[in-house]
Number of protein chains: 4
Amino acid sequence: MGAEIQRKQQLINATIQAIGETGSLDVTVGKIAKIAGVSSALAFHYFGDKEALFLAAMRDILQRYSRDVSAALAVADTPEQRLDALIRANFGTSHFDRGVIAAWMNFYVLAQRSDAARRLLRIYHARLLSNLAHALRPLTGDQARSIALRLSAQIDGIYLRAALNPAGASPEEAAAQVLATLKRELAF
Amino acid sequence: MGAEIQRKQQLINATIQAIGETGSLDVTVGKIAKIAGVSSALAFHYFGDKEALFLAAMRDILQRYSRDVSAALAVADTPEQRLDALIRANFGTSHFDRGVIAAWMNFYVLAQRSDAARRLLRIYHARLLSNLAHALRPLTGDQARSIALRLSAQIDGIYLRAALNPAGASPEEAAAQVLATLKRELAF
Amino acid sequence: MGAEIQRKQQLINATIQAIGETGSLDVTVGKIAKIAGVSSALAFHYFGDKEALFLAAMRDILQRYSRDVSAALAVADTPEQRLDALIRANFGTSHFDRGVIAAWMNFYVLAQRSDAARRLLRIYHARLLSNLAHALRPLTGDQARSIALRLSAQIDGIYLRAALNPAGASPEEAAAQVLATLKRELAF
Amino acid sequence: MGAEIQRKQQLINATIQAIGETGSLDVTVGKIAKIAGVSSALAFHYFGDKEALFLAAMRDILQRYSRDVSAALAVADTPEQRLDALIRANFGTSHFDRGVIAAWMNFYVLAQRSDAARRLLRIYHARLLSNLAHALRPLTGDQARSIALRLSAQIDGIYLRAALNPAGASPEEAAAQVLATLKRELAF
DNA sequence: AATGAATGAGGATTCATTCAT
DNA sequence: GATGAATGAATCCTCATTCAT
């Protein structure tokens with residue numbers, strides 16, 4: 001029982017690591033299993049097929065992200081602090097793990113053909129949007145949703161560039177850009 | 001001679017179409033060749049291997065985009081018109097062709113492991129940035145580059161969402177969001 | 001465990017047979033696998049690639065040959081008997097199996113580009129030479145090695161002709177020729 | 001017309017060279033043609049198919065060998081000189097060209113399935129045998145043919161070893177071994 | 001719960017060969 | 001006489017997946 005959860009987590013971690021090494025989903029289940037230290041048959045036993053394994057990994061990544069956000073929001077008292085926390089949460093160092101980056105990029109690809117992936121992505125988008133809008137409302141009223149939209153898109157765009165160009169902007173600078181945009185929105 | 005160019009273009013178009021149908025690079029060269037109406041051996045004859053074929057397709061997409069941008073800039077007289085043209089050029093209907101979208105998403109994936117892809121992506125990023133900064137300079141002076149950075153990232157982020165969620169914002173609305181951000185930057 | 005050894009041996013036997021049917025290494029792994037009654041994937045699973053499979057087959061042939069030689073030497077008491085046994089061991093009927101002949105001919109070809117094959121061939125040459133020289137020493141002293149050299153080369157040459165020309169000399173006649181040369185060497 | 005002969009010879013030389021570089025017949029006609037500086041289609045035009053091209057190359061090698069033998073015999077006056085010339089002709093430096101060696105090894109392979117190759121090989125064997133026997137007759141009478149058989153086989157066997165082990169015996173030493181055997185036969 | 005053994009299906013790539021020009 | 005263009009047919013090898021144990 002506990003063993004099952006443990007094995008699954010091992011496999012999920014191995015998946016993220018393996019994807020990170022190749023940069024793509026072209027990783028054999030055999031390789032993932034080897035990293036996890038189990039047989040590939042076990043991966044099928046627990047997840048059914050390869051795509052399910054990848055989705056589980058993505059779900060895991062999103063959950064960790066959610067926890068980060070919750071933790072950050074928990075210690076934020078004012079709307080301004082909330083916004084700051086929300087934005088910074090997207091550029092934490094854990095987001096720049098090779099495996100996590102690769103998972104995200106492939107997630108975008110998968111979202112085009114897999115309903116499950118698309119659904120998951122929508123949820124992430126909606127949650128980010130709603131979090132931002134919620135924090136913005138006291139400050140901007142009706143404009144909240146619209147501003148949240150622009151901010152969240154910019155977050156993804158900046159993440160994309162930072163992730164694909166490690167020599168470029170640092171996570172801190174990346175967050176700073178979004179915060180700058182926020183400042184301008186509030187000033188407007 | 002002319003035949004070679006023609007065949008190559010056929011294959012490139014077929015590649016984009018095929019990628020669009022699957023949403024991923026998991027398309028057999030055989031399928032691409034069939035769409036192009038030639039043998040798969042010919043694809044190898046002309047491009048060497050599958051990755052080269054895909055890169056050629058991506059290069060083709062970027063070239064068309066460049067042409068669009070140039071054409072749009074050619075009829076813009078003021079800095080404001082320039083910015084408007086640059087932003088709108090990213091949301092033209094051709095960008096929302098299934099094949100083009102799929103190519104972009106997979107391009108992000110490929111950029112993680114293929115030097116050639118990464119190089120190509122950098123060039124695109126740099127050019128967009130430089131175009132925006134150039135148009136901004138007369139209006140914002142020193143701030144131009146920094147603003148351009150935020151705008152270009154937002155362009156990608158908004159494109160990502162629009163592309164992956166056809167039911168969401170329309171291309172026009174997408175462009176409008178970026179223009180809104182521009183307005184706020186200029187007002188600041 | 002035992003299954004692995006068994007399957008490998010099946011595949012090796014099938015390889016020898018298949019090579020014998022074509023006379024060359026231009027046999028598909030698929031055909032070999034079919035003869036062995038397993039899937040071609042299994043052949044790759046166990047041997048890695050086609051060349052390794054062929055080398056395993058050649059190693060197998062050489063091992064059987066070694067065993068034949070050992071068995072023959074075991075019942076030989078005098079140097080003369082030893083020499084007779086050694087020479088005859090090279091012309092046993094098992095050497096004239098189509099597959100074995102084909103394997104040898106292709107072995108010579110492979111030896112030109114495969115280090116593993118060349119190494120294997122050297123070992124065979126060295127062992128034959130040393131066996132002959134050892135048996136000759138009591139009879140010829142210092143001349144042993146030099147005589148062994150001439151005898152072993154002649155063995156290969158005569159085998160070559162007998163193998164490629166089944167209508168020519170019989171194995172017995174072939175052995176007789178070498179024994180004749182031995183007689184002359186000893187008489188000298 | 002003269003052009004045809006020239007082109008054919010170019011292709012034959014290229015074949016021998018190409019085979020020498022790989023050590024096997026696994027050379028593409030394209031590569032051979034490139035070495036020859038012509039199109040691969042031309043090779044087919046002149047030779048019909050790949051095997052015919054290889055056979056032509058082998059025929060060419062055998063002809064040169066024949067010429068060497070004739071030339072050597074032409075200046076030999078006594079039977080002893082004849083034998084010496086015949087034996088040495090088999091170990092001339094031209095026999096140790098990589099391409100020539102590779103051609104021989106592959107010739108043995110081809111002889112197993114190609115009638116044309118087998119026929120060619122028989123002719124070579126028969127001619128060597130007859131040449132040796134002819135030279136031996138004045139010295140050994142009835143024994144000539146039998147001795148010639150042993151010598152010719154030894155020639156092939158020693159060539160095989162020298163060819164496959166360039167670090168081993170030199171051509172001179174190789175010839176010396178056969179001459180030593182000849183001496184013992186004559187002494188017997 | 002866990003795996004070793006086995007495979008079907010497929011896919012990239014190669015190459016001898018053809019043929020119109 | 002000579003070739004560029006084109007392809008059909010293979011073949012090696014991989015891998016997700018299954019299943020008996």
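These figures come from a predicted structure and were not determined experimentally. A note on names: the letters A, B, ... follow the listed sequences, proteins ahead of strands, and every chain is numbered from 1.
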Nearest to the side chain of [X], heavy atoms from C-beta on, is which of [options]?
{"X": "B/Ala41", "options": "F/dC13, E/dA12, F/dT7", "result": "F/dT7"}
{"X": "B/Leu42", "options": "F/dC15, F/dA6, E/dG4", "result": "F/dA6"}
{"X": "D/Ser39", "options": "F/dC13, F/dT17, F/dT3", "result": "F/dT3"}
{"X": "A/Val38", "options": "E/dT3, F/dT3, F/dC15", "result": "E/dT3"}

Quick one: is [X] getting a side-chain N or O under 4.0 Å of the [N] phosphate, OP1 or OP2?
{"X": "D/Arg7", "N": "F/dG1", "answer": "no"}
{"X": "D/Tyr46", "N": "F/dG1", "answer": "no"}
{"X": "A/His45", "N": "E/dA1", "answer": "yes"}

Would you mind reading off the distance between [X] atom [atom1] and [N] atom [atom2], rounded to a whole angstrom?
{"X": "D/Phe44", "N": "F/dG1", "atom1": "CZ", "atom2": "P", "answer": "18 Å"}
{"X": "D/Gln6", "N": "F/dA2", "atom1": "CD", "atom2": "P", "answer": "9 Å"}
{"X": "B/Glu51", "N": "E/dT13", "atom1": "CD", "atom2": "C1'", "answer": "15 Å"}
{"X": "D/Gln10", "N": "F/dA2", "atom1": "CD", "atom2": "C1'", "answer": "13 Å"}
{"X": "A/Lys31", "N": "F/dA16", "atom1": "NZ", "atom2": "P", "answer": "12 Å"}
{"X": "D/Lys34", "N": "E/dC15", "atom1": "NZ", "atom2": "P", "answer": "12 Å"}
{"X": "A/Lys8", "N": "E/dA1", "atom1": "NZ", "atom2": "P", "answer": "11 Å"}
{"X": "A/Leu53", "N": "F/dC15", "atom1": "CG", "atom2": "C1'", "answer": "14 Å"}

Item checked: Any strand: nucleotide that pairs with E/dG10 via Watson-Crick or wobble, under 3.5 Å -> F/dC13
Next item on the list: Please determine, for F/dT21, whether a Watson-Crick or G-U wobble partner exists with both distances under 3.5 Å, and give it or none.
Entry: E/dA2
Check: Hey, which of these two, B/Ser40 or C/Val29, hits DNA chain F nearer its 5' end, going by closest nucleotide?
Finding: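 This one resolves to B/Ser40.
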Note to self: Does D/Phe47 reach a base, just sugar-phosphate, or nothing at all? Heavy atoms under 4.0 Å.
What the structure shows: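 The residue D/Phe47 makes no contact with any strand.
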Margin query: Within this structure, what is the CD1-CG distance for the pair C/Ile61 and C/Asp97, rounded to the nearest 0.5 Å?
Written below: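 C/Ile61 CD1 to C/Asp97 CG: 8.0 Å, rounded to 0.5 Å.
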Check: Does B/Arg64 pair with B/Asp60 as a salt bridge, N-O distance under 4.0 Å?
Finding: yes
Next item on the list: Could you go through the side-chain contact (heavy atoms from CB on, under 4.5 Å) check for D/Ile35 and D/Gln10 one step at a time?
Entry: CA-CA 9 Å; D/Ile35 294 178; D/Gln10 273 173 54; over 6 Å; no
Margin query: Can you work out whether D/Gly48 or B/Gly30 has the more 5'-proximal nearest nucleotide on DNA chain E?
Written below: B/Gly30
Next item on the list: Check the pair C/Tyr124, C/Trp104 against ring pair (Phe, Tyr, Trp, His ring centres under 6.0 Å), reporting the backbone distance first and the verdict last.
Entry: CA-CA 12 Å; C/Tyr124 154 75; C/Trp104 268 106; 4.9 Å; yes
Item checked: Whether D/Lys8 side chain and D/Phe47 backbone form a donor-acceptor pair below 3.5 Å -> no
